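The residues of the chain are indexed from 1 along the displayed sequence. Every value quoted in this text rests on a predicted model; they were computed, and no experiment measured them.
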Amino acid sequence: MHNERLDERLSDEELELFVQYLHRFANHDVDISVRMEAGDPEYPVYVLFGRDYPPVGDAADYRRPFADRRQVTSTSDINDGG
């Protein structure tokens, strides 16, 4: 996969699509952990996707992108069986 636009930021639509794909990837492809190197080979970004809990550091430090736009599909509590 080659992209001629590697030197450009993602548009808002591209970022939202990326996050949607990231959620799908996390749900279907991350068993325990996946480690990746991405970005510019001269200045790589190292990424770890993992199912470790509790997470490294404080859980409050982790942000869920677009969480404020998620639609509530159920008001039931997991503890009430539903």
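Within a 6.0 Å sphere centred on CG of Asp31, other residues, nucleotides and ligands contribute 12 heavy atoms or fewer. The 12-atom threshold is not exceeded at OH of Tyr21, counting heavy atoms of other residues, nucleotides or ligands nearer than 6.0 Å. When the shell of 6.0 Å around CG of Leu48 is examined, it contains more than 12 heavy atoms from other residues, nucleotides or ligands. Atom CZ of Phe49 sits in a crowded spot, with more than 12 heavy atoms from other residues, nucleotides or ligands closer than 6.0 Å.
Distance alone, capped at 3.5 Å, places no donor-acceptor pair between the Arg35 side chain and the Tyr46 backbone.
A distance of 11.5 Å separates CG in Leu17 from CG in Leu22, rounded to the nearest 0.5 Å.
Both Phe25 and Val47 belong to a common hydrophobic cluster when Ile, Leu, Val, Met, Phe, Trp and Tyr are linked at side-chain heavy-atom distances under 4.5 angstrom.
Annotation for Glu14 and Ser11: closest pair OE1-N, 2.7 Å, computed over non-hydrogen atoms. Listed here is the closest heavy atom pair of Asp29 and Val34: O-CG2, 4.2 Å.
Contact annotation: the side chain of Asp12 never approaches that of Glu16 to less than 4.5 Å [non-hydrogen atoms, C-beta and beyond].
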